[in-house]
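One structure below.
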Amino acid sequence: KFGIAARLGLVLAAVVVLAAGLTGYYAYDVSRTLLVESAKNELLTSTKVLARRIMLVRDELTRNLQILSNHPATVAALEAGDPATLDQVATLFELVMKANPGYFQVRLISASSHGLERVRVDRDGAGLMRVVGDDLQEKGHFPYVFDTLQLAANETYLSRFVINHEYGAHAGLEQPTVRLAMPVADRRGAVQGVVVINVDLNGTFALLAADLPKDFQLFLANSHGDFLIHPDPAQAFGFDRGRRALVHDEFALTRDLVDG
């Protein structure tokens with residue numbers, strides 16, 4: 001038989017154990033909540049930084065397009081097309097590409113002659129190469145030409161992110177690329193052609209991931225849910241190989257976002 005003291009001792013011991021257990025659980029729950037919130041905030045901050053970087057790249061491209069499309073030599077090259085003016089535009093394109101290593105190609109394309117390239121500078125290895133003569137191609141059937149011709153002055157066309165299969169693209173051939181374009185208008189406001197910049201997405205994507213913490217993984221998808229960046233490179237641009245890898249298949253909660 002237990003005496004009163006023994007019984008009180010057991011009760012107190014039980015209370016102490018219960019209190020310690022509740023305190024430990026509360027501390028665990030609070031710590032877990034703080035850890036989750038901290039991780040959420042870190043992810044959100046990183047995502048905002050990435051989004052800002054994307055916008056900065058886009059804004060810089062738009063400014064360069066405005067400089068190229070509004071330069072007097074660009075309009076003159078489309079109107080007159082004399083060799084001296086074309087050479088001046090080619091030099092301008094080369095200077096822009098030297099200052100921006102992430103540009104695969106810069107072109108001036110006419111609204112006439114089925115969208116004939118008037119000036120084209122490609123990146124080829126570590127150098128630049130001007131394409132001339134019969135190697136200049138007709139591009140009027142591509143959306144980045146006929147859609148851009150419908151835009152107002154200083155408006156920017158942005159293509160889908162794709163693998164570049166256009167023949168003769170040199171360093172940009174079979175590489176992930178996005179094309180930004182802007183119409184070139186004369187003094188009367190009539191659109192005479194377009195300036196197109198092909199951007200190296202490999203370099204842009206590497207820049208996005210450069211400062212992420214080591215335990216972070218970067219995913220990027222287009223509006224259809226196709227992966228453009230994935231830790232497994234085989235999953236990126238799967239639509240180009242006929243094997244679509246979709247963000248809402250891997251992260252089910254994104255389905256509503258992709259569906260609109």
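Since we're looking at a predicted model, the values are computed, not measured. Basis for what follows: all heavy atoms, side chains included, without hydrogens, waters or symmetry-related copies.
Of all non-hydrogen atoms in T177 and V199, the two that sit nearest each other are OG1-O, 2.8 Å. Nearest approach of L201 to V178, heavy atoms of both residues: CD2-CG1, 3.7 Å. Summarising the geometry of L228 relative to A236, their closest heavy-atom pair is O-CB, 3.5 Å, with the distance given to 0.1 Å.
Checking Q105, Q175, R179 one by one against N164, the side chain to side chain donor-acceptor pair (under 3.5 Å) holds for a single residue, R179. Of the options N64, N198, D122, a side chain to side chain donor-acceptor pair (under 3.5 Å) to Y103 is made by N64 and by none of the others.
Looking only at distances, a side-chain donor or acceptor of D232 sits under 3.5 Å from a matching main-chain atom of A234. No donor-acceptor pair closer than 3.5 Å links the side chain of S38 to the backbone N or O of L34. Side chain of T148 to backbone of Y144: a donor-acceptor contact under 3.5 angstrom is found. When atom types are taken as modelled, the side chain of T85 and the backbone of G81 share no donor-acceptor pair closer than 3.5 angstrom. Of the possible donor and acceptor atoms, none in the side chain of Q192 sits under 3.5 Å from a partner among the backbone N and O of V184. Side chain of R130 to backbone of E94: no donor-acceptor contact under 3.5 angstrom is found. Looking only at distances, a side-chain donor or acceptor of N41 sits under 3.5 Å from a matching main-chain atom of E37. At distances below 3.5 Å, not a single donor-acceptor pair connects side-chain atoms of D226 with backbone N or O atoms of N222. Distance alone, capped at 3.5 Å, places no donor-acceptor pair between the E42 side chain and the P213 backbone.
For H114, the NE2 atom is loosely surrounded, since the number of other residues' heavy atoms within 6.0 Å does not exceed 12. The environment of CG in L18 is crowded: more than 12 heavy-atom neighbours from other residues, nucleotides or ligands sit within 6.0 Å. Around the CG atom of D215, the shell of radius 6.0 Å holds more than 12 heavy atoms that belong to other residues, nucleotides or ligands. In this structure, R241 places its CZ atom where more than 12 heavy-atom neighbours from other residues, nucleotides or ligands lie under 6.0 Å away.
Residues V106 and L108 are members of one and the same hydrophobic cluster, defined by side-chain heavy-atom contacts under 4.5 angstrom among Ile, Leu, Val, Met, Phe, Trp and Tyr. Taking hydrophobic clusters as Ile, Leu, Val, Met, Phe, Trp and Tyr residues chained together by side-chain heavy-atom distances below 4.5 Å, L128 shares a cluster with L86.
Counting heavy atoms from C-beta outward, S113 and R118 have side chains that approach closer than 4.5 Å. Put simply, the side chain of E174 reaches to within 4.5 Å of the side chain of H165, judged on heavy atoms.
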### Message
Working note: R53 + V57, criterion side chain to side chain contact (heavy atoms under 4.5 Å, CB included); need CA distance, chi angles, decisive distance, verdict.
### Response
CA-CA 6 Å; R53 283 185 178 178; V57 171; 5.5 Å; no

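Contact check on E166 versus R107 returns a salt bridge, with a Lys/Arg side-chain nitrogen under 4.0 Å from an Asp/Glu carboxylate oxygen.
Between Y26 and Y28, the ring centre distance reaches or exceeds 6.0 Å.
Here the CZ atom belonging to R120 is positioned 9.0 Å from the CD1 atom belonging to I109, to the nearest 0.5 angstrom.
V258 forms part of a hydrophobic cluster together with F219, F227, V247, F251, judged by ILVMFWY side-chain heavy-atom separations under 4.5 Å.
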